[in-house]
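Read the structure below first, then the notes.
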4 protein chains.
Amino acid sequence: MPYEFRVTRRVEFNETDLAGIVHFSNFYRYMETVEQAFLRSLGHSVVMRQYDPPLGFPRVHASCDFRRPLHFEDLVELHLLVKEKRPRSLSYQIRFHRVEPDPLSDLAVGILTVVCVRKHADGTFEATPLPAGLADQIETAPAGLLAVPR
Amino acid sequence: MPYEFRVTRRVEFNETDLAGIVHFSNFYRYMETVEQAFLRSLGHSVVMRQYDPPLGFPRVHASCDFRRPLHFEDLVELHLLVKEKRPRSLSYQIRFHRVEPDPLSDLAVGILTVVCVRKHADGTFEATPLPAGLADQIETAPAGLLAVPR
Amino acid sequence: MPYEFRVTRRVEFNETDLAGIVHFSNFYRYMETVEQAFLRSLGHSVVMRQYDPPLGFPRVHASCDFRRPLHFEDLVELHLLVKEKRPRSLSYQIRFHRVEPDPLSDLAVGILTVVCVRKHADGTFEATPLPAGLADQIETAPAGLLAVPR
Amino acid sequence: MPYEFRVTRRVEFNETDLAGIVHFSNFYRYMETVEQAFLRSLGHSVVMRQYDPPLGFPRVHASCDFRRPLHFEDLVELHLLVKEKRPRSLSYQIRFHRVEPDPLSDLAVGILTVVCVRKHADGTFEATPLPAGLADQIETAPAGLLAVPR
């Protein structure tokens, strides 16, 4: 069963800041890029309108350690690993590897935790179990893979 | 009746890019900042959920001429003028004036045109007249004020 | 000689707004995505540090007409055409075509005009001719291609 | 000596996403808003070009726990506390309190850790002690204030 996924992405001009590097807030957007590509690769979307009420996955925690910067036009690999699968939530480890111009692993390492919720018509959310069609498809990555070298 | 509005805003780090200036896409966000503050000043919101179906104001056109850049921590005045009021749409002129560190008028000049729509439950939009409570409150600015000096 | 370029891109969650559609400011970012991919396809970058002083391409004008919205996970083709090549500036037409879920041409059409500048050490810019290595590689698109059907 | 700072900010349309709430990546931008306003309140900037080489404060860690969402036009107070002052780094706790429409404390709580670096002309960074003019002005907040109620 899948427990990891990778996509690459080239850093865009609008993602940089005056320090000449990718603004740190964009690393959190990149986390979402790979999370959502992972779900799509399994035939799902982070927006599940086919349920009534619809399901969604609000973020309850996100963190990132920034070791080295990314620059304009760098090619970066976003590497997602399933860190924890619970009945109502998923936690991902997301590792940032530079592919071009010169390879560098784990220049940043993040955690993203999302909770499955039912979205009521009045706008409120309520935690609910992950849909079986998703939970049955994924598993937690082996601990050895989740250990990030210094 | 009101035909103009002004807000000031300090440039944030995340709004700059590697050229050391505010990324041009953020000028369009600033346009929205002053548009929505203008509506709020009149007791309205750009999201009108009190109607059934709700009204909204999707953008149908936006343009901007960039004459001089904005830098980190500059204080900028966003100056909105009502350029045109039509039955179903509004067009604003938005002028960017630097207030600090040294004043500079019209460093950028934009146009924002929005259409009033009814938002149906299936996600489609349909143009509809501006609500009277809004249309009756605003008027087009005098032509002389809309002429931007070179 | 090249006068057009196309890239595709899938709409990301963070690019949407509460109206459920791509926020209009992101269309300007998408314009940059295809402009910069176009330059890369020709062996160039929008950041030309190999010159002394370095060259850059600040935006002096950008506009967009929004006809239909883009939604989360839509696949969009960004289609760039060279609209005008002048000694010191380039103007692009950028057309947005939905590829998935169902094709729709020209749901938005933009213009982006950039000026070639020398970037001095004190942060000021000065307009300068396009480098020959770039100007000689591109040409203006035929007028027929630049006519956008209603 | 100061160990906390507060600014308020109204949620903008472009900061929301299709779930109708502020996109989580923007909480990290809000953290920067209050950090930089805090430095400005002390007469400093996060960009210290008066030193040679210039000093900067790249982010080495940021995390956030999201308990309740923010919505369009909510007024939010960004409340910064100095969590840790080390010779070469600063760690802030940033708490998000809703002020309008109805008050709610600690709807999100973040941590932001920055390192003081010298920025060399070749683009590399090197950790360096906080400038005395800044370090002498601030102190760590009392532990009791840093304890966030559940």
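Just the heavy atoms: all of them, side chains too, but no hydrogens, waters or symmetry mates, feed the values below. Chain naming here is simple, since letters A, B, ... match the order of the sequence lines and numbering starts at 1 in each.
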Got a sec: does the CZ of A:R49 have more than 12 other heavy atoms crowding it under 6.0 Å? no

Using a cut-off of 6.0 Å, state whether more than 12 heavy atoms not belonging to A:R86 lie near its atom CZ. no

Just to be sure I understand the criterion: a residue of [range] counts if one of its heavy atoms is under 4.5 Å from a heavy atom of chain C. Which ones qualify?
range                      : value
residues 58-84 of chain A  : A:F72, A:E73
residues 99-116 of chain A : none
residues 22-36 of chain A  : A:R29, A:E32, A:T33, A:Q36

What side-chain donor-acceptor pairs closer than 3.5 Å can you find for residues 139-150 of chain A, not counting sequence neighbours?
unit_1	atom_1	unit_2	atom_2	d
A:E139	OE2	A:M1	N	3.4

